[in-house]
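Read through the structure below, which is laid out as structure tokens, and then see the notes.
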Amino acid sequence: KQAEEELRRSYATMQAIVDNLPCGLSVFDGELELVVHNRQFRTMLELPDRLFDTPPTTFESIIRHNAERGEYGPNADVETVVHQIVELARRPVPHRIERERPNGLALDIHGAPMPGGGFVTTYTDVSERRRAEHQLEERTAQAEQASVAKSRFVANMSHEIRTPMNAILGMLELLRKTPLTARQRDYAAKTEGAARSLLGLLNDILDFSKVEAGKMQLDPRPFSVERLLRELSLILSANVGAKGIEVLYDIDPGVPDALVGDDMRLQQVLINLGGNAIKFTAEGEVVLRVRALELQAARVRLAFAVVDTGIGIAPEHQRHVFGGFSQAEASTTRRFGGTGLGLAICQRLV
């Protein structure tokens, strides 16, 4: 009698513990009979009391009840489903699944075999987390759609504006070939300069929009490194003007001349970096360095660097310079001009 009383108290203590777990719990023995469970197990699975009125409650009776009420699909064959699940339970293995019940309750189910036979299973309600994930996915999809729509609109508008801009440049070129006074020639030259600046801005916006919309495509082809750098030198030299700046090229002898790649986009990146260096350097030098980091039979990895003696970028502003339509400081735009798109485009191209 004393042993029975101690066993009863032990069972009552264990039942109080499992009833206060933050999850549903069920334990079946080697005969697939329910030996321990808590109220959360009944509540989460909406199991009726009649299944537990006459012990022992078997695993098969619970599975049959679930199958008959459409828990495993409205068109599932009850006998086939019951047989398959019971056979799997006779050879339990550790498993974890997430399942959404017909009432919308999402459960995270963990199962593991018991040392003496049978298995233990826990059921955790993850409906709130699933709803938050679905909401996040919907918001992300909406944001992506809005971003793509915005980029397409900007790209289309930029393209539409470029057509009349090219016409304006063509007419200015024709105008400058007609007899003009010195003042008229000066006006025409300044107008052409402003038009070319605007065209450059439109090209930047168009490139930025293409990259944002995922429409930018690289076009690898054979090219000469020497020719690319020679053309780059002519473009950058034109940017120097009357500044007391020397543009230098420090090329690793190990860099092969014949490569395959998108030389136009590579040149676009180098023009932007080199042009920035010249723009923000009053005197001194701008150096373009090219190093061969890795050289294989059919592949080479190059490192390009642009170093200058210009104003530099304060550490607190460095993380902003690759953002679209942004520059290191607001005063930079007033002093040096620019759209703040160049580095954003370069980063995405790279």
Side-chain angles (χ1 to χ4, degrees), residues 1-140:
K1 289 291 185 178
Q2 188 176 5
E4 287 176 356
E5 181 61 23
E6 290 177 357
L7 185 61
R8 187 190 65 78
R9 284 199 301 267
S10 297
Y11 181 82
T13 301
M14 181 184 72
Q15 190 63 45
I17 291 172
V18 299
D19 277 340
N20 285 280
L21 290 174
C23 61
L25 174 76
S26 65
V27 181
F28 290 87
D29 61 17
E31 301 301 319
L32 299 187
E33 294 180 354
L34 184 65
V35 292
V36 176
H37 73 284
N38 63 4
R39 60 177 179 272
Q40 292 94 318
F41 169 68
R42 295 194 190 193
T43 303
M44 287 181 175
L45 298 184
E46 295 181 304
L47 299 174
D49 292 339
R50 62 179 175 79
L51 289 175
F52 307 91
D53 287 343
T54 308
T57 301
T58 64
F59 180 74
E60 181 177 343
S61 66
I62 293 175
I63 296 301
R64 184 175 297 278
H65 170 76
N66 283 340
E68 288 173 348
R69 64 177 176 175
E71 194 80 17
Y72 310 115
N75 301 318
D77 180 73
V78 172
E79 294 302 327
T80 302
V81 169
V82 171
H83 176 74
Q84 290 175 343
I85 296 178
V86 170
E87 286 303 307
L88 287 173
R90 296 188 190 282
R91 299 180 298 277
V93 295
H95 64 276
R96 178 180 183 180
I97 60 171
E98 277 196 14
R99 183 165 69 87
E100 187 169 320
R101 297 197 55 241
N103 66 356
L105 183 71
L107 294 176
D108 183 15
I109 303 172
H110 287 241
M114 300 279 281
F119 56 92
V120 57
T121 310
T122 61
Y123 305 81
T124 305
D125 183 357
V126 293
S127 304
E128 196 64 35
R129 192 202 75 201
R130 289 279 290 272
R131 279 194 291 271
E133 289 174 349
H134 289 156
Q135 290 172 356
L136 180 61
E137 289 172 0
E138 288 175 2
R139 286 197 296 268
T140 301

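No experiment lies behind these values; they were computed from the predicted model shown.
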Practice prompt. List the steps and the verdict of side-chain contact (heavy atoms from CB on, under 4.5 Å) for E87 and R90.
Written response: CA-CA 5 Å; E87 286 303 307; R90 296 188 190 282; 3.5 Å; yes
Within a strict 4.5 Å, meaning less than it, do heavy atoms of the [X] and [Y] side chains meet?
{"X": "V27", "Y": "H37", "value": "no"}
{"X": "D125", "Y": "L105", "value": "yes"}
{"X": "F59", "Y": "I85", "value": "yes"}
{"X": "H83", "Y": "E79", "value": "no"}

Exercise: identify the closest heavy-atom pair between [X] and [Y]:
{"X": "A67", "Y": "V81", "answer": "CB-CG1, 4.4 Å"}
{"X": "P48", "Y": "H65", "answer": "CD-NE2, 3.4 Å"}
{"X": "G70", "Y": "P102", "answer": "O-CG, 4.0 Å"}
{"X": "N38", "Y": "C23", "answer": "ND2-O, 2.9 Å"}

Worksheet item: Around H95, counting heavy atoms of other residues, nucleotides and ligands shown, do more than 12 lie under 6.0 Å from its NE2?
Response: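 Counting other residues, nucleotides and ligands, NE2 of H95 exceeds 12 neighbours.
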Worksheet item: With a cut-off of 6.0 Å (strictly less than), are more than 12 heavy atoms of other residues, nucleotides or ligands near CD of E31?
Response: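 No, not enclosed.
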What distance separates [X] [atom1] from [Y] [atom2], expressed to the nearest 0.5 Å?
{"X": "L107", "Y": "R130", "atom1": "CG", "atom2": "CZ", "value": "9.5 Å"}
{"X": "R8", "Y": "E4", "atom1": "CZ", "atom2": "CD", "value": "11.0 Å"}
{"X": "F119", "Y": "R91", "atom1": "CZ", "atom2": "CZ", "value": "12.5 Å"}
{"X": "E60", "Y": "L32", "atom1": "CD", "atom2": "CG", "value": "9.0 Å"}
{"X": "S26", "Y": "M44", "atom1": "OG", "atom2": "CE", "value": "11.5 Å"}
{"X": "L136", "Y": "R129", "atom1": "CG", "atom2": "CZ", "value": "12.5 Å"}

Discussion item. Tell me whether Q40 contacts the main-chain N or O of L21 through its side chain, where contact means a donor paired with an acceptor under 3.5 Å.
Written reply: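 At least one qualifying donor-acceptor pair exists.
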Fill in: Expected output: side-chain R39 to main-chain D19 donor-acceptor under 3.5 Å
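Yes, the answer is positive, given that a donor and an acceptor are paired below the 3.5 Å cut-off.
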Item to complete: Using side chain to side chain contact (heavy atoms under 4.5 Å, CB included) as the criterion, list what pairs up with T57, not counting sequence neighbours.
Response: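 Only L34, F52, S61, I62 meet the side chain to side chain contact (heavy atoms under 4.5 Å, CB included) criterion with T57.
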Worksheet item: Can you list the residues that meet the side chain to side chain contact (heavy atoms under 4.5 Å, CB included) rule with P113, with sequence neighbours excluded?
Response: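 Expected list: P92, P94.
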Practice prompt. Under the side-chain hydrogen bond (donor to acceptor under 3.5 Å, both in side chains) rule, collect the residues that match up with Y123, sequence neighbours excluded.
Written response: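 Testing Y123 for side-chain hydrogen bond (donor to acceptor under 3.5 Å, both in side chains), a comparison that skips the adjacent residues, returns none.
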Discussion item. List the residues meeting side-chain hydrogen bond (donor to acceptor under 3.5 Å, both in side chains) with T140, not counting sequence neighbours, and say none if there are none.
Written reply: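 Per chain and number, T140 pairs via side-chain hydrogen bond (donor to acceptor under 3.5 Å, both in side chains) with no residue.
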Fill in: F28/V35 under side-chain contact (heavy atoms from CB on, under 4.5 Å): CA gap, chis, key distance, verdict
CA-CA 6 Å; F28 290 87; V35 292; over 6 Å; no
Item to complete: Start with the C-alpha distance between V78 and Y72, add both sets of side-chain angles, then the distance that settles side-chain contact (heavy atoms from CB on, under 4.5 Å), and finish with yes or no.
Response: CA-CA 9 Å; V78 172; Y72 310 115; over 6 Å; no
Discussion item. Among residues at least two apart in sequence or on other chains, which ones pass salt bridge (Lys or Arg N to Asp or Glu O under 4.0 Å) with R101?
Written reply: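 R101 satisfies salt bridge (Lys or Arg N to Asp or Glu O under 4.0 Å) with E46, E71 only.
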Fill in: Residues forming a salt bridge (Lys or Arg N to Asp or Glu O under 4.0 Å) with E138, sequence neighbours excluded
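Residues passing salt bridge (Lys or Arg N to Asp or Glu O under 4.0 Å) with E138: none at all.
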Worksheet item: side-chain contact (heavy atoms from CB on, under 4.5 Å) between T121 and L25: does it pass, once the steps are laid out?
Response: CA-CA 6 Å; T121 310; L25 174 76; over 6 Å; no
Practice prompt. With salt bridge (charged side-chain N to carboxylate O under 4.0 Å, His left out) as the test, would you mind laying out the steps for R9 and E5 before giving the verdict?
Written response: CA-CA 6 Å; R9 284 199 301 267; E5 181 61 23; 3.6 Å; yes
